[in-house]
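First listed ligand is number 1; within each ligand, the first listed atom is number 1. As the structure is a computational prediction, the values presented were derived from the model and not from experiment.
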Amino acid sequence: MKIKSLADSFAYGSVIKKGVPVAIIGKPNAGKSSLLNALLNDNRAIVSSIAGTTRDTIEDTLTIKGIQFRFIDTAGLRETTDEIEAVGVAKTKEKALKAKVLLYLYDRNDANLNEIIKDINEFRRDDLILIPVESKVDLNKNAANEFDSALTKELNSKKILQPIKISTFDKISIESLKKFLFNQVSQMASNQDVIITNIRHYDALQNVLKAILNIKNGLDQKISGDLLSVDINEALMHLGEITGEITTEDLLGNVFANFCIGK
Ligand SMILES: Nc1nc2c(ncn2[C@@H]2O[C@H](COP(=O)(O)OP(=O)(O)O)[C@@H](O)[C@H]2O)c(=O)[nH]1
Ligand SMILES: [Mg+2]
């Protein structure tokens, strides 16, 4: 039955199975691999002061307060003549496009404002939670300056979140980042974004499926139309939870045609 495979596809759908994709991007040496390791509390990715160390993407999952996240460490964004690294950078952009959340890392001690603004403008999308992350704050010696105010202004004007400050040497900052991520994603979910919609769709589809099986059994057993209509209405009601518009009788034909009752 089509509806069953549809429901199954949601059950095994990417978000549920693989976690909310969170891509960690930024210049080489911004501290991306260190952040991945700190989040996972594991030496998953190689960390070094040599720019271009991470060439391929590295992914791993972590559950934060019941939501599964899939963190993706990427090759640093830079022009490169190294063939393998260039493939890595292209892959970074691809991962960024598919991510639900982007952690854009920059090291304020080694940052170029125009570059950050250019990157942020390149990656921002309406359906993306873009979180600027200021890394290595343990190294910050300078007080807030024009860099900070210009970045704040730019982010505000684009309605992008203000930077979260972290140091991978400071566990508390990493825990705060995790909390922040959880809050952002659960907020997105309650705003009826894809994630919860999928879970709701999945639930609704399961209910539709149950009702349709009842209808099928009812038809097999030749029960009365009145009794059948209870299950038909049930199926329509749950379909309506997805489409918000299935209420009229003329859609019944559609339901029967599209959902292959009896097969
Ligand atoms: N002081 C300090 N150094 C850091 C921090 N995070 C990373 N580093 C160092 O920055 C360099 C680059 O880190 P890495 O995680 O490999 O950066 P990536 O190229 O963005 O993946 C390494 O020498 C790290 O030890 C931090 O929070 N504070
Ligand atoms: Mg790296």
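- Glu59 has a carboxylate O that lies under 4.0 Å from a charged side-chain N of Arg70, or vice versa, which qualifies the two as a salt bridge.
- Given atom 24 (C) of ligand 1, the protein heavy atom at minimum distance is Val47 CG1, 3.6 Å.
- Residue contacts with ligand 1 for Asp138 involve side-chain atoms from C-beta outward but no N, CA, C or O (heavy atoms, distance under 4.0 Å).
- Close approach of ligand 1 to Leu139 (heavy-atom distance below 4.0 Å) involves ligand atoms 1 (N).
- Remark: side-chain polar atoms of Lys98 are not paired, donor with acceptor, to backbone N or O of Lys93 under 3.5 angstrom.
- For atom 19 (O) of ligand 1, the nearest protein heavy atom (residue, atom name, distance) is Asn29 N, 2.8 Å.
- Considering all non-hydrogen atoms of both residues, Ala23 and Ala96 come closest at CB-CA, 4.3 Å.
- The nearest heavy-atom contact from the protein to atom 15 (O) of ligand 1 is Ser34 OG, 2.5 Å.
- Regarding atom 2 (C) of ligand 1, its nearest protein heavy-atom neighbour is Phe169 CE1, 3.3 Å.
- Residue contacts with ligand 1: Leu35 is placed with no nitrogen or oxygen under 3.5 Å of a nitrogen or oxygen of the ligand (distance criterion only).
- Using modelled atom types, no side-chain atom of Asn183 and backbone atom of Phe180 make a donor-acceptor pair closer than 3.5 Å.
- In terms of modelled atom types and a separation under 3.5 Å, the side chain of Gln162 and the main chain of Thr152 share a donor-acceptor contact.
- In this structure, the side chain of Thr74 does not engage the main chain of Thr57 through any donor-acceptor pair within 3.5 Å.
- Proximity of Ala45 to ligand 1, defined as any heavy-atom pair under 4.0 Å, is not found for any part of the residue.
- Distance check, rounded to the nearest 0.5 Å: CG of Leu40 to OG1 of Thr61 gives 8.0 Å.
- A salt bridge between Asp82 and Arg55 is present, with a side-chain N of the basic residue lying under 4.0 Å from a carboxylate O of the acidic one.
- Looking only at heavy atoms of the protein, atom 8 (N) of ligand 1 is closest to Lys136 CE, 3.7 Å.
- Counting protein heavy atoms only, atom 17 (O) of ligand 1 is closest to Gly31 N, 3.1 Å.
- For the Mg ion (ligand 2), the tally of protein N/O/S atoms lying closer than 2.8 Å stands at 2.
- Applying the 4.0 Å criterion to heavy atoms of Ser33 picks out, from ligand 1, the atoms 15 (O), 18 (P), 21 (O).
- Between Ser48 and ligand 1 there is a heavy-atom distance shorter than 4.0 Å.
- Checking only distances, Ala30 does come within under 3.5 Å of ligand 1, N or O to N or O.
- Taking the charged nitrogens against the carboxylate oxygens, Lys178 and Glu175 do have a contact shorter than 4.0 Å, which makes a salt bridge.
- The salt bridge (charged side-chain N to carboxylate O under 4.0 Å, His left out) check on Asp60 picks up Arg44, with sequence neighbours excluded.
- Note: Asn140 CG to Ser167 OG = 9.5 Å, rounded to the nearest 0.5 Å.
- Using a cutoff of 4.0 Å between basic side-chain nitrogens and carboxylate oxygens, Glu154 and Lys158 are scored as salt-bridged.
- Side-chain atoms of Thr92 come within 3.5 Å of backbone atoms of Ala75 as a donor-acceptor pair (strictly under, hydrogens ignored).
- In this comparison of Thr168, Asn37, Leu36, the heavy atom closest to atom 6 (N) of ligand 1 sits on Thr168.
- Taking every heavy atom of Ser167 and a limit of under 4.0 angstrom, the matching atoms of ligand 1 come to 27 (O).
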